[in-house]
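The basis for the numbers below is simple: all heavy atoms, side chains too, and nothing from hydrogens, waters or symmetry mates. Start at 1 with the first residue, then count along the sequence.
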Amino acid sequence: MRNKTEKNRSAASWLAELAGPRAVEYLLSVLVALAGVACSLVPYFIMIELIGALVGGTADKTWCLNRCLAMGLWWVLRYVLHAVSTTLSHHATFHVLANTRVRLMDKLTTLPLGTVLEKSSGSYKNIIVERVDSIETTLAHIVPEMTSNIVGAIAVLVLLFRVDWRMGLATLIVLPLGVLCFMSMFNGYEVKFQRAVNSTKALNDTAVEYINGIEVIKAFGQSKTSYAKFVSAAKEGADCFIEWMRSCLFGQSAGMAIFPSTLLGILPVGCLLFMNGSLTAETFIAVIVLSFGVMQPLVTAYSFTDDLAQVGTIIGEVAVVLSGKDLRRPDAAQALPKDNAIELNDVHFAYHEKEVLHGVSLRIEPGTVNALVGPSGSGKSTIARLIASLWDVDAGSITLGGVDIRTLPLKVCTDRIAYVSQDNYLFDLSVMDNIRMGRKGATDQEVITAAKACGCHDFIMSLENGYQTICGSSGGHLSGGERQRISIARAMLKDAPVVILDEATSYTDPENEAVIQSALARLIQGKTLLVIAHRLSTVVDADCIFVVKDGNIAAQGTQAELLESCPLYKEMWEAHMSVKDDNGEVA
């Protein structure tokens, strides 16, 4: 219910929540800006007084110079206050942007993995970087500057009406036509802006895809044709902005020309009233001077309307992430697991509307080695990810030590389970720091010990800077096998009682895989191990092998039992054994 309510919240409500912690700074910024407006009005009063004295012949040189100096000082004070106001608003805004990005990143860690994977990395990058950055204009400029410009224009207009209400009305003669020109720019605004947003997303996604696939592109000599999709996305992005700007060109130009032209109404009306004797020369001149302070601030305020109009879409994208449904986990556990046994009871799970697990039930005894095998797409990785609390089941239950994992805080599950996926992600940090992420606070020696136990030490020492070698973005400076071995070392350093290896040795050559398997055999003593492997020869000694087919457990047992009782496993084993390399070793 809470998530449904949050999804229906307005952009203004989300913006108020995001900016709420800095509300005092924003209020102070607005108050300082209004003080600046007051300072900008004082010169007009002095100007009217000066004009009256000059026309009446009562002004002397010294007095006039002092009046001009006073006007200059008031204007200087006005800009000093403006600088203070914008400094306050920017200081508050940059904190809001930073906190919003941190909040988005924190949110990604609490969302189910499936929800996160629905969007591409380019989309998340666009939201967290570009979209959040787009809020800067709204918060840092619109709040103090738009407020002060509108208040300033209204104050000058009130002063004009006090001087002569007829001339006040004459000042507004051009207002309807100018507003009409500006409003023409908003015809189909939502559709045009959404197209711009979509084309920008497509360009981001295509750019990330192209960069990630550059190795394949170069290997197959497709450099000229492979970026056709990127070129198309870039052209679409440029075209939609050009067409949008072209459709706004007339309204923008006409509005900017007409809106500030208050003299179009003041001069003819003022001349008629002056010739009729109902308007003095001093008042006429004062009105002309004051009229310049009405429309220009409104034009400045209008320049922010484009950003204001985009707030709904911008905040909407941020809100979609922040209002996402979290994994259902309590803050405290009512009961803790009594051991490391894992049991799935009639588990159902679906991606969107497509169910991929259909009532899976299995039990993994504590301290045993277990394996999930089966055809590609049968649901093996999904089962592993559900056990690791990366998703929540749709129906049924998963228990750890007799306790439903949904009743355990997420930290309890992550502390007890070490999960190594087939996509071994390393951060752009040193090898030492990447392994240390398994257990924060681990000493260098503890990291090295874990690496030695996993057979990683020798190859790490052969790297350019040993353990201080930077792995690169996503571990790009290392081979697939090296990334996998470091990921396993990281999991081992965590020393969790339950270890899940989701095809974690798929990129490892047979020689190194034998080293890792030997290391794992020593390190998993007393631990519960679940392995997903496409090389069946690596799990022949498992205590229990579960055969997964079409989202169900087709059979379970030891290697010998399954060869006797499960035709699917026997077929998979024979296919596996038939693949030999030139030396007669299993591939």
Exercise for the section: Answer yes or no: is there a donor N or O on one side and an acceptor on the other, between the side chain of R101 and the main chain of I128, under 3.5 Å? Expected result: yes
Problem - Gap separating the CG atom of L426 from the CD1 atom of I486, nearest 0.5 angstrom - result: 5.5 Å
Practice task
Kindly state each residue pair satisfying side chain to side chain donor-acceptor pair (under 3.5 Å) with at least one member in residues 151-176, sequence neighbours excluded.
Solution key: D164-R166, R166-S278
Exercise for the section: For the residue pair Y467 and D444, establish whether any side-chain heavy-atom pair is separated by less than 4.5 Å. Expected result: no
Problem - R436 side chain reached by R490 side chain, heavy atoms, under 4.5 Å - result: no
Handout entry: salt bridge (Lys or Arg N to Asp or Glu O under 4.0 Å) partners of residues 42-59, not counting sequence neighbours, each pair once
Key = E49-R67
Exercise for the section: For residues W63 and A53, report the shortest heavy-atom separation together with the two atoms involved. Expected result: CZ3-CB, 3.6 Å
Practice task
Ignoring hydrogens and angles, tell me if any N or O in the side chain of K325 forms a donor-acceptor pair with the backbone of L111 under 3.5 Å.
Solution key: no
Practice task
Could you go through the side-chain contact (heavy atoms from CB on, under 4.5 Å) check for L73 and L77 one step at a time?
Solution key: CA-CA 6 Å; L73 291 175; L77 181 57; over 6 Å; no
Fill in the blank from the handout: Interatomic distance, CE@M167 vs CD1@I288, rounded to 0.5 Å, equals 7.0 Å
Problem - Residues, nucleotides or ligands: over 12 heavy atoms within 6.0 Å of N276 CG - result: yes
Handout entry: Where S148 and V37 come nearest, the two heavy atoms and their spacing
Key = O-CG2, 3.1 Å
Completion exercise
Contacts of D394 meeting salt bridge (charged side-chain N to carboxylate O under 4.0 Å, His left out) (sequence neighbours excluded), chain-then-number -> none
Exercise for the section: Report yes if some heavy atom in the side chain of I154 is under 4.5 Å from a heavy atom in the side chain of V158; otherwise report no. Expected result: yes
Handout entry: salt bridge (charged side-chain N to carboxylate O under 4.0 Å, His left out) involving E136 - partner list, sequence neighbours excluded
Key = none
Exercise for the section: Under the side-chain contact (heavy atoms from CB on, under 4.5 Å) rule, what do T110 and K107 come out as? Steps first, then yes or no, please. Expected result: CA-CA 5 Å; T110 63; K107 183 67 177 182; 3.9 Å; yes
Exercise for the section: For the pair D106 and R103, find out whether any cationic side-chain nitrogen is under 4.0 Å from an anionic carboxylate oxygen. Expected result: no
Practice task
Flag the pair F284 / C271 as yes when at least one side-chain heavy-atom distance between them is below 4.5 Å, and no otherwise.
Solution key: yes
Fill in the blank from the handout: To the nearest 0.5 Å, atom SG of C471 lies from atom CZ of F427 at 11.0 Å
Exercise for the section: Just grab all the salt bridge (Lys or Arg N to Asp or Glu O under 4.0 Å) pairs involving residues 76-96, residues at least two apart or on different chains. Expected result: none
Problem - L478 backbone acceptor or donor facing R483 side chain under 3.5 Å - result: yes
Practice task
Check whether any side-chain heavy atom of W75 lies under 4.5 Å from a side-chain heavy atom of C39, and answer yes or no.
Solution key: no
Handout entry: Shortest non-hydrogen contact from S29 toward S89
Key = OG-CB, 3.5 Å
Handout entry: S291 OG to L157 CG distance, which is reported to the nearest 0.5 Å
Key = 11.0 Å
Handout entry: N66 side-chain N/O to T62 backbone N/O, donor-acceptor pair under 3.5 Å
Key = yes
Practice task
Please list all pairs passing the ring-ring contact (aromatic ring centres under 6.0 Å, His included) test where one or both residues lie in residues 83-112, with sequence neighbours left out.
Solution key: H90-F94, H90-H141, H91-H95
Problem - Contacts of type side chain to side chain donor-acceptor pair (under 3.5 Å), residue T283, not counting sequence neighbours - result: T280
Handout entry: Rounded distance (nearest 0.5 Å) linking atom CG of L272 with atom CG of L279
Key = 10.5 Å
Exercise for the section: Could you walk me through whether V269 and I173 pass side-chain contact (heavy atoms from CB on, under 4.5 Å), step by step? Expected result: CA-CA 10 Å; V269 173; I173 287 176; 4.2 Å; yes
Problem - Considering all heavy atoms, the nearest L18-V96 contact - result: O-CG1, 3.5 Å
Handout entry: Distance, nearest 0.5 Å, that separates CZ of R22 from CG of L27
Key = 14.5 Å
Handout entry: Over 12 non-hydrogen atoms of neighbours within 6.0 angstrom of CZ in F161
Key = yes
Practice task
Using modelled atom types only, decide if a donor and an acceptor are shared between the side chain of S85 and the backbone of L81 within a distance under 3.5 Å.
Solution key: no
Exercise for the section: List in chain and number order the residues that pass side chain to side chain donor-acceptor pair (under 3.5 Å) with D415, two or more places apart in sequence or in another chain; answer none if no residue qualifies. Expected result: K411
Practice task
With the side chain counted from C-beta on, respond yes when V431 and I470 share a heavy-atom pair under 4.5 Å apart, and no when they do not.
Solution key: no
Completion exercise
E317 meets the salt bridge (charged side-chain N to carboxylate O under 4.0 Å, His left out) criterion, sequence neighbours left out, with R131, K201
Handout entry: T93 side chain to A140 backbone, donor-acceptor under 3.5 Å
Key = yes
Handout entry: Atom of L429, atom of M437 and distance for their closest heavy-atom approach
Key = CD1-CE, 3.4 Å
Exercise for the section: Write out all pairs satisfying salt bridge (Lys or Arg N to Asp or Glu O under 4.0 Å) with one or both partners inside residues 169-188, taking only residues at least two apart or from two chains. Expected result: none
Practice task
Verify, without hydrogens or angle tests, whether N434 (side chain) and S430 (backbone) share a donor-acceptor contact under 3.5 angstrom.
Solution key: yes
Exercise for the section: Go through the structure and list residues passing salt bridge (charged side-chain N to carboxylate O under 4.0 Å, His left out) with D428, not counting sequence neighbours. Expected result: none
Handout entry: Set of residues satisfying side chain to side chain donor-acceptor pair (under 3.5 Å) with respect to T414, sequence neighbours excluded
Key = none
Practice task
For residues I405 and R329, determine if any side-chain heavy atom of one lies less than 4.5 Å from a side-chain heavy atom of the other.
Solution key: yes
Practice task
Please examine the side chains of V318 and W14, heavy atoms only from C-beta on, and report whether any two atoms are closer than 4.5 Å.
Solution key: no
Problem - Which atom of A333 lies closest to which atom of L408, heavy atoms considered - result: CB-CD2, 3.9 Å
